[in-house]
Colleague: 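Below is the structure I would like to discuss, written out as structure tokens.
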Amino acid sequence: MRHQQDRHKRGTFLLFALAVVLLVTGCTSDFNALNSVTDRGDKIAWLTNLSFILSFIVMGMVFVLLIFALIRFRSGAPSTREGNTRLEIIWTALPALLLIVLFVFTVRTVINTSDNHAEGADVLHVTITGKQWWWNVEYPDLGITTANVLHLPVDRPVAITLKSTDVIHSLWIPEIGWKLDNIPGKTNTLNFTLHQTGEFDGACAEFCGVQHAWMRIKLYAQPGDAFSSWANAAAGNAIPPDSQILQNGKSVFLTQSCASCHTIKGVSEVTNVGPDLTHFASREFIGGGVVENNDANLEAWLRDPSAIKPGVLMPGFNNLPDEEIKALLAYLRSLK
Ligand code: CUA
């Protein structure tokens, strides 16, 4: 009997420990929609926090009453009584009042965040096109095209036009506080102003095929001057090769099929098939975030991208002689 009780206690403890571990694991995520860094996101986070606080108050009251009832009536059930008008009015009116408060604040938040018209000379325009499985990021007024990274200045209104050339994707960077779909044949606009610098991870939030999970984007929220210097560098042509191996790499890029899908500004024609590689070496990740951008990963990627990201459109170049792969690798890694 004693043993059974011990086992029961141990089982309960293990379950409790497991629940704690699972909860804590959930907390380590880099994605945090309540840690808003935009004006619009703040309003939504405020409403969410209000709902949480009210819910916790209600939960606290229920627990207190429950514990009170358990202690007060531990020796047996109380004798049944026929109704209590005053209590019934209270427990109907209080929840109704709570719902009215939440309704009013919800409608207010919807109105305050529904302004979707970013106009004026100061607005920074960006077009983000979802593709299977990466993001094409363009700054039409600045002449910049890049992929899977979103550099934005703080304290300046931003208007992001969302498009798709294949299936439905959804741009979700939780700290922006707003998620919007990229829909083929339709454009959506996402307007906000960042008020905090930092680096924030984003992902596609609409199932779009086998590599949906590896369609990541990184937001760099920068001070105005840091953004300007990034933009100046990003708008320029690719750095010309300054050694024989880099020159060879550039030739491999042009003579193999690379240039029919990828643009290197100043080197090859503009195409819209694969990610722009003009400043490829300045990006932290390759393959839509699937691996870090370093020599070993890039070589593996060039030889057989499907082994790293099954389903990817890019063919492998394992048939190239080793020295050509090495030259191409060195050239791409030089494109800061
Ligand atoms: Cu794109 Cu999921």
Side-chain angles (χ1 to χ4, degrees), residues 26 28-38 40-41 44 116 125-140 144-152 158-192 194 199-221 261-263 270-277 280 283-293 297-298 300-301 304-316:
T28 58
S29 165
D30 289 335
F31 298 89
N32 187 352
L34 291 178
N35 174 30
S36 156
V37 296
T38 67
R40 283 178 97 187
I44 298 167
N116 207 19
H125 292 274
V126 186
T127 302
I128 300 185
T129 309
K131 291 169 181 267
Q132 285 171 315
W133 293 275
W134 58 283
W135 305 96
N136 190 61
V137 181
E138 276 178 276
Y139 300 70
I144 298 169
T145 304
T146 184
N148 308 319
V149 290
L150 176 59
H151 288 255
L152 294 176
V158 173
I160 299 181
T161 303
L162 298 172
K163 294 181 180 178
S164 170
T165 50
D166 40 46
V167 297
I168 300 178
H169 304 275
S170 188
L171 181 76
W172 186 47
I173 301 169
E175 281 81 358
I176 289 178
W178 204 272
K179 177 172 79 66
L180 208 56
D181 285 0
N182 300 60
I183 298 170
K186 184 183 188 303
T187 56
N188 279 330
T189 316
L190 183 58
N191 297 322
F192 56 85
L194 288 161
E199 295 178 9
F200 307 102
D201 290 320
C204 180
E206 180 68 50
F207 183 71
C208 56
V210 287
Q211 291 298 337
H212 157 70
W214 285 115
M215 191 166 162
R216 301 295 179 89
I217 190 165
K218 193 159 187 179
L219 165 64
Y220 297 83
C261 293
H262 296 283
T263 305
V270 173
T271 84
N272 287 314
V273 184
D276 186 295
L277 300 179
F280 168 75
R283 302 204 288 260
E284 278 181 82
F285 298 95
I286 56 177
V290 68
V291 283
E292 206 181 308
N293 186 359
N297 287 339
L298 184 59
W301 180 268
D304 187 8
S306 302
I308 298 173
K309 194 172 179 179
V312 68
L313 287 178
M314 177 167 152

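The figures here come from the full heavy-atom set of this structure, side chains too, leaving out hydrogens, waters and symmetry mates. Ligands are counted one by one from 1 in listed order, and the atoms in each one are counted from 1 as well. The first residue of the sequence shown is numbered 1, and numbering continues consecutively from there.
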Colleague: Measure from atom 2 (Cu) of ligand 1 to every N/O/S atom of Glu206 and report the name of the nearest one.
Modeller: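 This residue's closest N, O or S atom turns out to be O.
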Colleague: Around Lys163, counting heavy atoms of other residues, nucleotides and ligands shown, do more than 12 lie under 6.0 Å from its NZ?
Modeller: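 Not more than 12 within 6.0 Å, no.
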Colleague: Between Tyr220 and His151, how do the two ring planes meet: parallel, tilted or perpendicular, split at 30° and 60°?
Modeller: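 Plane angle under 30°, so parallel.
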Colleague: Nearest to atom 2 (Cu) of ligand 1, which N, O or S atom of His212 do we find?
Modeller: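 Closest to atom 2 (Cu) of ligand 1 among those atoms: ND1.
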Colleague: Give a yes/no answer: is there an N/O/S atom of Met215 under 2.8 Å from atom 1 (Cu) of ligand 1?
Modeller: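 It does: Met215 brings an N, O or S atom closer than 2.8 Å to atom 1 (Cu) of ligand 1.
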Colleague: If only side-chain N and O atoms count, and only distance matters, is there a donor-acceptor pair under 3.5 Å linking Thr146 with Asp276?
Modeller: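 No, no side-chain donor-acceptor pair sits under 3.5 Å.
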Colleague: Taking all non-hydrogen atoms of both residues, which atom of His262 and which atom of Pro275 are closest, and how far apart?
Modeller: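 Scanning both residues completely, I find the closest heavy atoms to be ND1-O, 2.7 Å.
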Colleague: Rounded to the nearest 10 degrees, what's the angle SG of Cys208 makes with SG of Cys204 at atom 2 (Cu) of ligand 1? Could you check?
Modeller: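 Computed angle, vertex at atom 2 (Cu) of ligand 1, rounded to 10 degrees: 120°.
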Colleague: Quick check: does His169 put an N/O/S atom under 2.8 Å from atom 2 (Cu) of ligand 1?
Modeller: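 No - counting backbone and side chain alike, His169 has no N, O or S atom under 2.8 Å.
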Colleague: Tell me, do Ile286 and Val291 make a side-chain contact under 4.5 Å, heavy atoms counted?
Modeller: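 The answer is yes; the side chains approach within 4.5 Å.
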